[in-house]
Each structure stands twice: as structure tokens, then as C-alpha cells.
2 protein chains.
Amino acid sequence: MTVSKTAEKSSEKPADAAKGRKDASEPQAEALQLGELSEQLGYVLKRAQLKVFENFLRCMASLQLTPAQFSVLLLVEKNPGRNQTEIASTLGILRPNFVAMLDNLESRDLCARIRSTNDRRSHILVLTDKGKAVLARAKKLVATKHEARLNDLLGQANREALLGMLAKIANEF
Amino acid sequence: MTVSKTAEKSSEKPADAAKGRKDASEPQAEALQLGELSEQLGYVLKRAQLKVFENFLRCMASLQLTPAQFSVLLLVEKNPGRNQTEIASTLGILRPNFVAMLDNLESRDLCARIRSTNDRRSHILVLTDKGKAVLARAKKLVATKHEARLNDLLGQANREALLGMLAKIANEF
DNA sequence: CGATATTTGGTATGGTCCATAACAATTATC
DNA sequence: GATAATTGTTATGGACCATACCAAATATCG
């Protein structure tokens with residue numbers, strides 16, 4: 001075919017081919033049709049994820065915690081005494097990429113690396129007192145400003161159903 | 001506080017402090033506790049999204065289409081005669097970043113830029129015949145290998161409910 | 001009309017995240 | 001005790017995302 005390299009003077013456009021704008025007043029050139037895109041799980045999933053992260057960051061602005069950092073703090077608190085490899089891998093973070101992340105958290109005195117006496121290669125991760133305090137405040141912010149909004153939007157039951165299905169996909173897909 | 005810079009000889013670890021491994025046979029040092037992490041929507045959402053994209057890429061390996069490329073082809077097919085800015089912005093892609101993407105698709109002869117005669121600044125986007133053929137095959141692959149698997153995992157009704165909730169989050173959050 | 005502002009596609013560039021290779025120190029294995 | 005494996009780390013490159021800027025074309029308005 002090779003598509004004749006020039007085209008269309010608003011030819012077969014049914015609605016507003018005639019003369020002026022179709023809605024009398026204005027500039028917005030009618031929105032595009034999403035079509036099958038809105039049925040693609042991957043597409044909708046990605047979009048929703050971006051929105052959720054965006055909102056998370058806004059809620060955490062005062063504490064300057066990203067979703068990834070928050071997850072690290074949560075996991076270290078729940079599993080004290082573990083080393084970098086263990087924490088990183090259960091979060092799906094590669095060890096090399098985890099180094100800078102920890103450098104950041106440690107420089108802010110939120111967590112600390114402690115050389116293990118069992119295996120002097122490994123660094124045990126622990127939350128500092130400040131880290132525990134910040135995490136506690138973060139949890140409250142997330143619960144009241146972030147997750148609460150999901151409940152408002154979806155309803156408690158739906159929110160839980162959603163979580164369950166996503167977990168199923170994350171684990172069994 | 002400042003965390004005494006050395007610690008723990010497997011001290012308060014209840015289970016396997018004694019002598020050997022706790023499970024008799026071997027190496028896996030008991031999995032970490034996810035804890036509240038598994039209740040964080042953002043975390044589970046991201047995890048699920050990664051899995052879905054991963055599976056999508058596997059299904060599309062023969063066509064070499066990424067989720068983003070697939071969405072472009074779908075949108076161009078559904079909305080022929082639109083320019084780069086319109087297609088890019090409804091996909092949430094910034095114009096500068098859309099250029100290389102289109103270069104790629106155009107070099108593979110899947111779509112074409114046509115200088116508009118209405119507005120000689122803009123490039124109208126069109127699928128080539130090859131592009132239409134590839135997209136048709138892509139749709140079949142997605143439907144039979146990708147989305148079908150979701151149905152198996154969640155069930156038709158749940159899959160639709162999931163889609164609805166995610167769309168709600170994407171649009172109204 | 002003509003001067004100015006806006007829009008479009010594009011380049012350049014920097015940031016963040018993700019992945020791989022390689023390395024020194026330490027520990028495990030045989 | 002020699003060799004292999006593991007841990008944290010550096011270096012590096014790719015993919016994706018965001019901003020500033022530019023030339024060509026168009027829109028706006030005095």
C-alpha cells in the first residue's frame with residue numbers, strides 16, 4: 001500500500017466536516033475513543049497504579065517517603081535482624097539497587113546497617129528510634145488519608161475484594 | 001539511642017537458635033513476614049501490574065510488541081486521522097517521548113506519519129496494512145493467551161468487577 | 001495587513017528505576 | 001587448605017519519564 005504521503009482535508013469526518021464547530025461554542029476537538037483499550041487489564045492496571053502512587057506521594061509529602069521506602073521500613077520493622085539480601089529480595093529489589101536506597105534511609109537516620117557477628121559479610125537491618133517514629137506517623141497518614149479514600153471510593157467490601165484479586169494475580173499469575 | 005554498632009548472635013530467635021535447621025532437611029532460611037505490606041493497595045497493585053506486563057510481553061514475544069506499543073496501535077486504529085499530540089496525550093505519553101516510539105513503529109512499517117494538509121505542522125497517524133495485520137494478530141494473542149488466563153484465574157464476573165474498580169481508581173481517584 | 005503569541009513535532013538532556021557484570025571480603029564446601 | 005559460593009558494593013547501560021528549548025507553521029489581535 002505505502003499510504004499516499006499526504007492526506008485528508010477533513011474528508012470523511014461525518015460530524016463537523018460541514019462548517020463550524022459541532023458544539024457551537026468551543027475549542028476542545030472532541031475526545032478520542034478509548035475503544036478496546038479500556039478493556040485491557042494491563043492498561044487500566046497501570047493507570048490505576050500511577051494514580052495510587054501519585055496520591056501516596058502527596059499524602060507522604062510531609063515525611064518524604066516514597067512507596068518503595070515505606071515498604072522497606074514496614075518490612076524491616078516486621079522482620080528485624082534480617083540482612084540486606086533478604087529484605088531486598090522479598091521486595092523484588094535487586095541487591096545492587098538496594099544499596100543507594102539504604103544509603104538514603106541511613107543518611108536520614110531512619111534505619112541502620114549493623115555488621116552481623118554471625119556472618120561478618122552481611123549487614124543486619126534495624127529501624128532507628130527515629131525510623132520507628134517516622135514509620136508510625138507514616139502508617140497513620142496512609143490509613144487516614146490514603147487507604148481511607150479508597151474506602152470512600154469503592155466501599156470497604158469492594159476494596160477488600162480488589163486487594164484479594166490483585167494479590168491473586170501477583171502470586172498466581 | 002544510636003544502635004550499638006554490632007549485634008545479635010541469633011539471640012532471641014525462638015525456633016532455630018538451638019542447633020541445626022528447623023525443618024531437618026535444608027537451606028531456605030524461613031520466609032519473611034510480609035505483614036501490613038500485603039494490605040497496602042499500592043504495593044499489591046504494583047506487584048500485580050508487573051506480573052501482568054510480564055505475561056503480556058511473553059504472549060507478544062512473536063510480534064515484539066510492548067504494552068505501550070500495543071496501546072498506540074489500538075488507539076490509532078480506533079481514531080484514524082489524529083495527530084501525534086492527540087494520540088500521545090490520551091495515552092499519558094509526553095510528546096518528546098512519543099517521538100522515538102513512533103520512529104520505532106514507523107521503521108517497522110506498522111504505522112505512518114502523514115503531513116496534514118489542514119495544518120502543515122501536524123502529523124496524522126495511520127496504521128499501515130502491515131500494522132493492521134499485526135494488530136489483528138496481536139489482539140487474538142492477547143485475547144486467547146493473556147486475558148483468557150485472567151478469566152481462568154479470577155472468573156469472568158470477577159475479572160469484570162476488577163476492571164471496573166481499577167477504572168474507577170484511574171479516573172476518579 | 002503585520003507583529004506577536006501559540007501550537008506542533010522534534011532535539012537535547014537529566015533523573016529515576018531496573019538489570020548485568022565484576023570485585024573484595026568473608027564464609028561454605030570438599 | 002584449595003576452591004566455590006555468598007554478601008555488600010561499584011560501575012555501567014538500558015528503559016522510561018520529565019523539562020527546557022527550537023524551528024516551522026498557524027492563530028490571534030492591534
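A, B, ... follow the sequence lines: proteins, then strands. Residue 1 opens every chain.
Interatomic distance, A:Leu50 CG to B:Gln49 CD, rounded to the nearest 0.5 Å: 7.5 Å.
If you measure from atom CG of A:Asn83 to atom P of D:dT6, you get 13 Å, rounded to the nearest angstrom. Between the CZ atom of A:Arg115 and the C1' atom of C:dT27 there is a distance of 13 Å, given to the nearest Å. Residue A:Arg95 contributes atom CZ, which lies 14 Å from atom P of C:dC18 at whole-angstrom precision. Put simply, CG on A:Asn118 is 14 Å from C1' on D:dT7, counting in whole angstrom units. What separates CG of A:Asp119 from P of C:dT29 is a distance of 12 Å, to the nearest Å. A:Phe98 has its CZ atom 19 Å from the P atom of D:dT6, to the nearest Å. Between the CG atom of A:Leu102 and the C1' atom of D:dT9 there is a distance of 12 Å, rounded to whole Å. Going from atom CD of B:Gln49 over to atom P of C:dC17 covers 15 Å, rounded to whole Å.
Across D:dT7, C:dG10, D:dT9, the shortest atom-to-atom separation from the side chain of B:Gln84 is found for C:dG10.
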Sugar-phosphate or base contact per nucleotide [nucleotides 11-17 of chain D; S, B, -; heavy atom under 4.0 Å]: B-----B

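Applying the 4.0 Å criterion to OP1 and OP2 of C:dT7, one finds that B:Ser122 has every side-chain N and O outside that range. B:Arg120 has a side-chain polar atom (N or O) that falls below the 4.0 Å cut-off from OP1 or OP2 of D:dA25.
Residues B:Phe70 and B:Phe56 place their aromatic rings such that the two centres sit under 6.0 Å apart.
When only modelled atom types and interatomic distance are considered, B:Glu36 and B:Gln40 share no side-chain donor-acceptor pair under 3.5 Å.
Side-chain atoms of A:Asn83 come within 3.5 Å of backbone atoms of A:Glu86 as a donor-acceptor pair (strictly under, hydrogens ignored). Although no hydrogens or angles enter the test, the distance criterion places a donor-acceptor pair under 3.5 Å between the side chain of A:Thr144 and the main chain of A:Lys140. Between the A:Thr128 side chain and the A:Asp109 main chain, a donor and an acceptor come within less than 3.5 Å of each other.
Comparing A:Gly92 and A:Arg121 by the nucleotide of DNA chain C that holds the closest heavy atom to each, the one mapping nearer the 5' end is A:Gly92.
Note on B:Leu94 and B:Leu125: separate hydrophobic clusters, where clusters join Ile, Leu, Val, Met, Phe, Trp and Tyr whose side-chain heavy atoms are under 4.5 Å apart, directly or indirectly.
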